[in-house]
Amino acid sequence: MLAVLSRVRTPVWLSSNIQLQQKLARVLSGNEIILLSSTGVSPACRRSDTSSVRGVSTTAGLCAKAKGQTKKRELTEKKLTRRFVDYRRVMLVAGSGGNGACSFHSEPRKEWGGPDGGDGGDGGSIIIKADRFIKSLAQVVPVYKGEHGRSGGSKNCFGRNGNPTYIHVPLGTIVKEEGKLVVDLAKDGQEYLAAFGGAGGKGNRFFLTNENRAPMMSTPGTKGQERLLHLELRTMAHAGLVGFPNAGKSSLLRAISNARPAVAAYPFTTLNPHVGIVTYRDHEQVAVADIPGIIEGAHRNRGLGFSFLRHIERCRFLFFVLDISNPESWSHLKQLRYELEQYETGLSQRPQAIIANKMDLPGAQENLETLKRHVAQRVIPVSALTGQNTGELILHLRELYDGYLQGDGHSGGDQPTRW
């Protein structure tokens, strides 16, 4: 019985790894069984022709991570609503000066070395500089603190001065303090020293006189200047889209420029302005601003009215965007002009155009004819959703821009602003 059992050969069970290698070899060799390397398998079972699988690794796929299609990460709402900032309230605190040192020279065989305390370094000032590559005040932070000067040392060592702090702002930035105009930064590279750094203190070496050969006094550094300033842009954009909430201003800006303000299929209003750039074939660029929707009574500061109207004040010409699906859109135009005129006399008389948006909705054509009967100015019918007639709007925008460059769109002797 034992002799019979000894003649029975134990079957060879292949592991899952070896089975996977065998399946891969079958596919690569054209349905020919090629056993690559397996422990416990007789060498006679292996094929001699292995040229078809030369240089193929069968275990790399087991160790490597599964490669899936990388999905583009969607932008968050915070990134979508990154906005154009045309007003900042800034607190400036210049650096304080370093303290003076009080020390005496100490050296062998020199008993009366005398005072050698050095002066402290001056504090760093804060400078506002106009930069033509900056287009918004978004990078300006609420508080700026200058670098402090270093204190003086012995051996007549003076403290290091604090480095100045620069605030880069766009061209046409107006600096105000307590409602009064301080400076208008209109040229590239123009600087304004907004806050002076504190002076460094004096060391006891400074007080050496013939009467006082061993002064024991030194002075501390003075504090830097502190100021609260208001930064405003004189020109926010060339054209401003003015209208009531949900008139389609953000969608229209997306249709004619490279800006991507947040839009949705449900009613909501934009709280911060967005600026898009319209580029023409001659490489001229025109800035168009999406002004947050104003409401009735905005000139009395209802619904952040002053903040929204201030944005309109900084646009050179206006586009009144009307929801043409409303049968009484002409009354909305009248109300918009009234709010602008009550806020600032002559604001509603700037170069302008009327845009009838949402022409893709039912009944829009009949409402458009009604609007044309009530107004004498040119009406441009467009659809921000389908892009209908946006080319005519872009051409008319260029006509207004060319008139602005020739001097028709600005007053007071100001030079026209190129984006």
Side-chain angles (χ1 to χ4, degrees), residues 237-257 259 261 263-271 273-274 276 278 286 288-299 302-305 308-309 311-313 315-343 347-397 399-400:
H238 298 119
L241 302 179
V242 183
F244 283 105
N246 303 313
K249 299 182 296 298
S250 299
S251 301
L252 186 60
L253 183 64
R254 291 173 67 102
I256 65 174
S257 72
V263 296
Y266 51 85
F268 76 100
T269 184
T270 303
L271 296 179
H274 296 264
V278 181
V286 181
V288 182
D290 172 22
I291 308 297
I294 61 177
I295 62 175
E296 186 177 354
H299 67 278
R302 287 187 56 188
L304 300 177
F308 295 167
L309 290 171
H311 300 319
I312 302 174
E313 185 183 2
C315 297
R316 300 301 97 189
F317 37 91
L318 309 177
F319 283 156
F320 291 102
V321 182
L322 305 178
D323 185 0
I324 201 60
S325 62
N326 190 334
E328 297 184 354
S329 56
W330 56 271
S331 63
H332 289 180
L333 176 62
K334 183 178 179 181
Q335 182 64 34
L336 289 172
R337 288 175 173 171
Y338 174 77
E339 296 293 340
L340 298 185
E341 196 65 26
Q342 291 297 316
Y343 174 73
L347 183 58
S348 63
Q349 304 300 323
R350 290 187 179 181
Q352 58 188 255
I354 302 173
I355 302 175
N357 195 16
K358 303 184 181 181
M359 286 298 298
D360 54 292
L361 296 180
Q365 191 62 37
E366 292 79 3
N367 297 336
L368 177 62
E369 299 299 330
T370 305
L371 175 62
K372 289 182 177 180
R373 288 195 298 266
H374 284 83
V375 297
Q377 291 178 321
R378 178 181 179 182
V379 180
I380 304 176
V382 298
S383 174
L385 180 63
T386 64
Q388 173 189 349
N389 210 26
T390 55
E392 181 183 353
L393 173 60
I394 294 176
L395 291 177
H396 187 63
L397 172 64
E399 294 175 3
L400 293 177

For this session: Apply side chain to side chain contact (heavy atoms under 4.5 Å, CB included) to the pair Leu252 and Leu393, showing each step before the final yes or no.
Result: CA-CA 10 Å; Leu252 186 60; Leu393 173 60; 3.9 Å; yes
Spacing of [atom1] belonging to [X] relative to [atom2] belonging to [Y], to within rounding of 0.5 Å:
{"X": "Gln349", "Y": "Arg337", "atom1": "CD", "atom2": "CZ", "value": "7.5 Å"}
{"X": "Leu322", "Y": "Leu371", "atom1": "CG", "atom2": "CG", "value": "6.0 Å"}
{"X": "Lys334", "Y": "Ser329", "atom1": "NZ", "atom2": "OG", "value": "14.0 Å"}
{"X": "Gln352", "Y": "Leu347", "atom1": "CD", "atom2": "CG", "value": "9.5 Å"}
{"X": "Tyr343", "Y": "Glu339", "atom1": "OH", "atom2": "CD", "value": "12.5 Å"}

Would you confirm whether [X], through its side chain, and [Y], through its main-chain N or O, come within 3.5 Å as a donor-acceptor pair?
{"X": "Thr390", "Y": "Gly387", "answer": "yes"}
{"X": "Asn357", "Y": "Ala384", "answer": "yes"}
{"X": "Arg316", "Y": "Pro351", "answer": "no"}
{"X": "Thr370", "Y": "Glu366", "answer": "yes"}

Side chains of [X] and [Y] in contact at under 4.5 Å (non-hydrogen atoms):
{"X": "Leu368", "Y": "Pro381", "value": "yes"}
{"X": "Lys249", "Y": "Ile291", "value": "no"}
{"X": "Ile294", "Y": "Leu336", "value": "yes"}
{"X": "Ile295", "Y": "Pro245", "value": "yes"}

Exercise. Ala289 and Cys315: which non-hydrogen atoms are nearest, and at how many Å?
Worked result: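 Scanning both residues completely, I find the closest heavy atoms to be CB-SG, 4.4 Å.
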For this session: Return the minimal non-hydrogen interatomic distance between Arg350 and Ile312, and the atom names on each side.
Result: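 It is NH1-O, 3.9 Å.
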Problem set entry | Non-neighbouring partners of His374 that pass ring-ring contact (aromatic ring centres under 6.0 Å, His included), sequence neighbours left out |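 Applying ring-ring contact (aromatic ring centres under 6.0 Å, His included) to His374 gives Trp330.
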Exercise. In chain order, what residues pass the side chain to side chain donor-acceptor pair (under 3.5 Å) check against Thr386, with sequence neighbours excluded?
Worked result: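 Counting only residues at least two positions away or on another chain, Thr386 forms a side chain to side chain donor-acceptor pair (under 3.5 Å) with Ser383.
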For this session: Take atom CD of Glu296 as the centre, draw a 6.0 Å sphere, and report whether it contains more than 12 heavy atoms from other residues, nucleotides or ligands.
Result: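 No - once you tally the heavy atoms of other residues, nucleotides and ligands closer than 6.0 Å, there are 12 at most.
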Exercise. Looking at Lys358 and Asp323, does any basic side-chain N land under 4.0 Å from a carboxylate oxygen?
Worked result: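 Salt bridge present between Lys358 and Asp323.
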Exercise. With Glu392, which residues qualify under salt bridge (charged side-chain N to carboxylate O under 4.0 Å, His left out), at least two apart?
Worked result: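 Salt bridge (charged side-chain N to carboxylate O under 4.0 Å, His left out) check on Glu392 returns Arg378.
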Problem set entry | Residue pair Asn326, His332: steps toward the side chain to side chain contact (heavy atoms under 4.5 Å, CB included) verdict | CA-CA 9 Å; Asn326 190 334; His332 289 180; 2.9 Å; yes
Problem set entry | Steps toward side chain to side chain contact (heavy atoms under 4.5 Å, CB included) verdict (Ile380, Phe319) | CA-CA 10 Å; Ile380 304 176; Phe319 283 156; 5.9 Å; no
Problem set entry | Leu361 vs Ile324, side chain to side chain contact (heavy atoms under 4.5 Å, CB included): CA-CA, chis, key distance, verdict | CA-CA 8 Å; Leu361 296 180; Ile324 201 60; over 6 Å; no
Exercise. Picking from Val379, Val375, Leu340, what satisfies side chain to side chain contact (heavy atoms under 4.5 Å, CB included) with Phe320?
Worked result: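 The single option meeting the side chain to side chain contact (heavy atoms under 4.5 Å, CB included) with Phe320 is Leu340.
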